[in-house]
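What follows is a single structure, written as structure tokens, with notes after it.
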Amino acid sequence: MKVRKAVIPVAGLGTRFLPATKAIPKEMLTIVDRPTIQYIVEEVVASGIDQIIFITSEGKSAIENHFDYNFHLDSVLREKKKIALGEELNNISNLIDIVSVRQKKPLGLGHAIWTARHVIGNEPFMVLLGDDLVISKTPCAKQLLNLFDDVGESIVAIQRVPSDETFQYGIVEGEENGRENTYKVTRMVEKPAPGTTDSDMAIIGRYILKPEIFDILDKTTPGHGGEIQLTDALLALTKKRAMYALEFDGTRYDAGDKMGYLKAILAYGLSHAEIGDSFKKYIKEIATTL
Ligand code: G1P
């Protein structure tokens, strides 16, 4: 069955970026010339998905407005004959069909995904976490979809992390299964205490999930940090069906972290069509003065 829908949870408070995120959602923080959430939406579009479901909360309407048609702005730009800019803005609102669902309480990532159950129904779907930006030749989401076409089971995207960082991630243990960069998941644990796993395979915010996950999430009790964890539900799913981990090709930036965010600005700035070359020149210049 084709994966047609992608869930993007955007309900989180963004406390790591306060005070910047006091009045604007963290997903609207800018990288060069677009908010971080637009990079995620563009990845979804480039991967051939038909619909996005935002899981939102209070104070997140700027995200919905960003992907909506802005009649007033459009008229002003037309009056000022800024046609190309107007078209660019309209293109954003025409990117893809978007639906929003409210997560009524901040009970965790697992609960946020469960909130989408009525909109998803009985079909496989993608999940993308807005903090994880991936620069790659083939969009990361598309790499997962390609594997899904082959295996037809749930998939998590992974990358290798140093052993002193595993406690920050959901960690997957798995065995090779003959496909390149792919592992059959045997165990997974959310944010393991140091020394409790030998695996360095960290879950990065891209998943394809079978709809059975909703019944499991329904019964998942709070785990790490007192929150309903998606990783705990995924572990339960592995007991019923096969699950795969894909070590994707590309570079991931944790835009939810100050250093990761700055690195992302640098990476997107350097490869930007309009300013990339002059930015590179500038970086070279200042590097000599550091
Ligand atoms: C979430 C997931 C975790 C995953 C991480 C990737 O954690 O729960 O399993 O490794 O995203 O970014 P969070 O970073 O929201 O605490």
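All ligand and atom numbering here is 1-based and tracks the order in the structure. Nothing here was measured: the structure is a model prediction, and the numbers come from that model.
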With a 4.0 Å cut-off on heavy atoms, is Asp131 in contact with ligand 1? no
The answer for which part of Arg252 has a heavy atom under 4.0 Å from ligand 1 is side chain
Pairwise side-chain contact, Ile40 with Leu133, heavy-atom cut-off 4.5 Å (strictly under): yes
Which residue and heavy atom of the protein sit nearest atom 1 (C) of ligand 1, plus the separation: Leu129 CD1, 3.9 Å
Salt bridge between Lys240 and Asp215, side-chain N to carboxylate O under 4.0 Å? no
Which atoms from ligand 1 have a heavy atom of Gly170 less than 4.0 Å away? 3 (C), 4 (C), 9 (O), 10 (O)
Relative to each other, are the rings of Phe214 and Phe125 parallel, tilted or perpendicular (30° and 60° limits)? parallel
closest protein heavy atom to atom 9 (O) of ligand 1 is Glu190 OE1, 2.7 Å
Would you call the rings of Tyr69 and Phe71 parallel, tilted or perpendicular if under 30° counts as parallel and over 60° as perpendicular? perpendicular
For ligand 1, is there an atom lying under 4.0 Å from some heavy atom of Lys191? yes
Enclosure of Lys263 NZ (heavy-atom neighbours >12, cutoff 6.0 Å): no
With a 4.0 Å heavy-atom cut-off (strictly under), which part of Gln168 contacts ligand 1: side chain, backbone, both or neither? neither
Going by the atom numbers of ligand 1, which of them fall below 4.0 Å from some non-hydrogen atom of Tyr169? 10 (O)
A student comparing Ile171, Ile203, Ile158 should find that the heavy atom closest to atom 6 (C) of ligand 1 comes from Ile203
Ligand-residue contact atoms, ligand 1 with Asp132, heavy atoms, under 4.0 Å: 6 (C), 12 (O)
Asp257 versus Gln168: any side-chain heavy-atom pair under 4.5 Å? no
CA sep, side-chain torsions, deciding dist, call: Val172, Met243, side chain to side chain contact (heavy atoms under 4.5 Å, CB included): CA-CA 11 Å; Val172 164; Met243 183 177 305; over 6 Å; no
Side-chain contact, heavy-atom cut-off 4.5 Å: Gln143 with Ser136? yes
Below 4.0 angstrom from a heavy atom of Thr231, which ligand 1 atoms are there? Numbered from 1 as shown, please. 9 (O)
